[in-house]
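Working notes for the structure below.
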Amino acid sequence: MKQAFRASIFHCLADPGPHADASAVEHIEDGLLVVEDGRVAQVGEAGRLLSQLGDDVPVQDYRDKLIVPGLIDCHVHCPQVDIIASYGEQLLDWLNRYAYPAEMQFADEVHAREVAGFFLDELLRNGTTTAAVFATVHPHSADTLFAAAEERNMRLVGGKVLMDEHCPDALRDDPVSGYEDSKALIEKWHGRGRLGYAITPRFALTSSEAQLEAAGRLAAEYPDTWVHTHLAENQEEVDEIARQFAWSRSYLDVYDHFGLLRERSVFAHCLHLDAEDRKLMAGKGGTGAFCPTSNLFLGSGMFDLRSMTDAGVRIGLATDVGGGTSMSMLRTMSEAYKVLHLQGQSLPASRALYLATLGAAEALYLDEHIGNFAPGKEADFIVLDTGGSHITARRAAAAETLDELLFALIFLGDDRNVAATYICGATGPRRAAPADR
Ligand code: GUN
Ligand code: ZN
């Protein structure tokens, strides 16, 4: 089935960098996005493409709105939606006081299913079409998450958490059960439709060496799965790692030692790294997830984007809800701007969008499928409406360039400005699986 969408269209072709390289983006003021069987067929000037389009092809008119690729959240916790914005602690106390109790409730599969549905619908309402997601230690938490994503036809990377020490008994697995359960989940879900499995050791503090070794074994046995964990978020955590793994050169060295640093390894935070770590991460193809709302909320520190990108590390933006304080990638982009501004670094609107679309897709090794409107990619996109709130409507009316408009939307916009979210060219219940290529 062929369909077309007429709007102002913006997407990235490459990294615009800190100086907003205009050749890295494409903006078509009066554009047409042509979708066939759930994939991008063409994108270009409406005037030209409409004349070639058959009369029978439906054209959705979004001429007063802006179409951009679906947003990608590189690190977020499904079970933590219920404790988002919980007062007053830094990481280790916050985990004990808020995160772990919320995750314990996932022992109840009915609860896990209900939260997963809410969580994914909330992502979609905010314009996020793909995410890399932590479930809980319970295997059924991954089953319910994947089933909910499959129902919505979302491209999603997720996994059951591995944790076998320094955590509540109710959230503990062990090296053997964690390995076996993860393996069974990989066999069941990895590569099924748009789903991918992430081997998910929570962080090195909550896994024994035997468990990290088992996780590394799985990562080697299934090289096209993801590895998803936390790295160097909080100074107290980093100090504890140095005590627990006294043999290691650094926190990253612990993961590397156990074979957990490779292509498709996603490390949330990466705040307290040195030049050697950055070089190692870049060389092995690891990814850093930049989680600005979380880093500010938990008082963890400031992400050094310039040093990471100069070293050649792949970077994607992430909410890290519930340490993060918003499901909205627009809000997340605006906080990223502030974190960088405080360090004398810049984040133009086009690059902020890159870090949540094509850059995030590259960071997750998903750019052959999603991230921009290159023909053949899956047609995940959102329709942004400056009329979503009074302040965005007023500010948009005064904007003279697309850059100015985008920047204002990033700062003032939220879910009210996401008029529609399309998954493979479909909204709501019409969302269907993409045709095979
Ligand atoms: N480090 C280990 N677990 C977590 C978590 O749930 N959230 C955050 N922000 N950091 C972590
Ligand atoms: Zn996290």
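Given the structure is predicted, the values throughout are model-derived calculations rather than measurements. First listed ligand is number 1; within each ligand, the first listed atom is number 1. All residue numbers refer to positions in the sequence shown, counting from 1. The figures that follow rest on heavy atoms only: side chains count, while hydrogens, waters and symmetry mates do not.
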Worksheet item: If you measure every N/O of Glu233 against every N/O of ligand 1, is any gap under 3.5 Å?
Response: yes
Worksheet item: Side chain, backbone, both or neither: which part of Thr206 has a heavy atom under 4.0 Å from ligand 1?
Response: neither
Item to complete: Looking only at protein heavy atoms, identify the closest one to atom 9 (N) of ligand 1 and say how far it is in Å.
Response: Asp320 OD2, 2.7 Å
Worksheet item: Is the distance between the Zn ion (ligand 2) and the nearest N/O/S atom of His230 smaller than 2.8 Å?
Response: yes
Item to complete: Find all atoms of ligand 1 within a distance of less than 4.0 Å from any non-hydrogen atom belonging to Phe203, and give their numbers and elements.
Response: 1 (N), 2 (C)
Worksheet item: NE2 (His77) to the Zn ion (ligand 2) to OD1 (Asp320): angle, nearest 10 degrees?
Response: 100°
Practice prompt. Answer yes or no: is there a donor N or O on one side and an acceptor on the other, between the side chain of Ser177 and the main chain of Asp173, under 3.5 Å?
Written response: no
Worksheet item: Should the proximity of His269 to ligand 1, defined as any heavy atom under 4.0 Å, be assigned to the side chain, the backbone, both, or neither?
Response: side chain
Item to complete: Would you kindly say whether Asp73 and Thr319 are connected by a side-chain donor-acceptor distance under 3.5 Å?
Response: yes
Worksheet item: Please state which protein non-hydrogen atom is closest to atom 3 (N) of ligand 1 and give its distance, to 0.1 Å?
Response: Arg202 NE, 2.8 Å
Worksheet item: Within 45° of the six-membered ring axis of Phe134 and under 6.0 Å from that ring's centre, is NZ or CZ of Arg202 located there?
Response: no
Worksheet item: Does the pair His11 and His27 meet the rule for a ring-ring contact (aromatic ring centres under 6.0 Å, His included), with working shown?
Response: CA-CA 7 Å; His11 66 144; His27 175 224; over 10 Å; no
Fill in: Region of Leu205 engaging ligand 1 - heavy atom pairs below 4.0 Å
neither
Practice prompt. State plainly whether the residues Arg314 and Glu362 are in salt-bridge range, i.e. N to O under 4.0 Å.
Written response: no
Worksheet, complete the sentence: Contacts of Glu233 meeting salt bridge (charged side-chain N to carboxylate O under 4.0 Å, His left out) (sequence neighbours excluded), chain-then-number -> none
Fill in: ligand 1 contact on Trp94 by region, counting heavy-atom pairs under 4.0 Å
side chain
Worksheet, complete the sentence: Contacts of Ala232 meeting side chain to side chain contact (heavy atoms under 4.5 Å, CB included) (sequence neighbours excluded), chain-then-number -> Val238, Tyr251, His272, Leu273
Discussion item. Using a 4.0 Å cutoff against the non-hydrogen atoms of His77, which atoms of ligand 1 qualify?
Written reply: 5 (C), 6 (O), 7 (N)
Worksheet entry | Polar side chain donor-acceptor pair, Glu103 to Tyr98, under 3.5 angstrom | no
